[in-house]
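As structure tokens, the structure follows; a few thoughts come after it.
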Amino acid sequence: MFTLQKTHASGARRGTLHTAHGAIETPFFMPIATKGAVKTLSATELWNLEQHVDATTTPVVLSNTYHQFLRPGVDVLRHFKGLHAFMGWKGTMLTDSGGFQVFSLSHLRKLTDNGVEFQSHIDGKRHVFTPEFSMEVQSIIGADIWMAFDYFPGYPATREEVEHSVALTTDWAKRCKEWVDAYHTTTEQSQQREKPHQLFAIVQGSTCTDLREQSAKELVQLECDGYAVGGLAVGEPAEEMYTAIEAVTPHLPTDKPRYLMGVGMPEQILEAVKRGIDMFDCVLPTRNARHGTVFLHQDDQIVAGDLSQVRYSKLNIRGEVMRLDTQPLDPYCHCSTCTGGLSRAYIRHLYTVDEPLAARLTSVHNITFYLQLMKEIRTAIQSQ
Ligand SMILES: [Zn+2]
């Protein structure tokens, strides 16, 4: 269930998303644990990190059906009664349906109206994903929020391909909704106060605004628990991404959460928030950390109070110029890396000698930076 508390003059929304594992204040960012771990961090460490930034909101993580299906596999997940227990996560979890990964990672795909046959990118084994099977795997993973199985047409795509993607995505979302409705009526879990599993549909339509609108209108008919905008941040110019979001949000119900998948840079997140988006995920904080790129405050606040801009810079911590730098990684940050007495020179040294601790320290910082960004966005919306 989603409660919208306030809409800011800019269009930004402030609300609360209630899940079986707690209430999350929106807008929020989900760190990515595709394979069952946010890279270099344990679930307890991630929980403490999220609570350290804002103890008033439930920590949240994102995982992925395609990756969990391949490894560890459904037998292991079933044995442990889901990924929460397997990875030791007590917060909220969302799983992507695997649609995007089947089309972007796997080999030799065969697409039919029923689903998609593909070869694993790991061992070449053949598998078939249908909307129903994606739901079944997500039910075994046991996440709080399940994403409908969608068809991403790639980018760039012809208009014909995008039309096909929208039609198939609507048809598959209907089948997902029917599967989830039947699941909830046959499990005891449906007696719980909060719906144990929520289904979000994914709007496709690439950069064609009329097809984005059509996709949104068709999916809203299904009365899902939330709506995502998918198939963006895949190489299109940022302005086209914003235009696509603007084509979708006016057609979504105001009392349901909206999730922009896979976005993005801090300024893109702020722009999307002002277009009415509530939820985000992105690999950037952790991927950049592994490559030695650090998000830095410019002063003690990332977001201008009026939501006009984000203020930050990026630092290459591996640079020679860091060799004798005695400053903490980010002097304005309150994370354990920045307050633990470590210098930039020491962290650079860890990268130079390939110590795994390097990526870990900067991951803690970069994730904290993103969570702090969202907290400041929430405060700015609230204060006006
Ligand atoms: Zn820090």
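Heavy atoms only: backbone and side chains are in, while hydrogens, waters and symmetry mates are out. For reference, positions follow the sequence shown, starting with 1. Each ligand, and each atom within it, is numbered from 1 in the order the structure gives. Predicted model, so just to flag it, every value in this text is computed and none were measured.
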Run the salt-bridge test on R175 and E132 with the 4.0 Å N-O cut-off and return the result as yes or no. yes
E246/R212 ion pair, N-O < 4.0 Å: no
Identify, by name, the N, O or S atom of H365 lying closest to the Zn ion (ligand 1). ND1
Pick from K375, R14, R378: which one makes a salt bridge (Lys or Arg N to Asp or Glu O under 4.0 Å) with E25? R14
Is the Zn ion (ligand 1) under 2.8 Å from any N, O or S atom of H334? no
Quick check for you: with the Zn ion (ligand 1) as the vertex, what angle do SG of C335 and SG of C333 span, to 10°? 110°
Distance flag, aromatic centroids of Y227 and H251, threshold under 6.0 Å: no
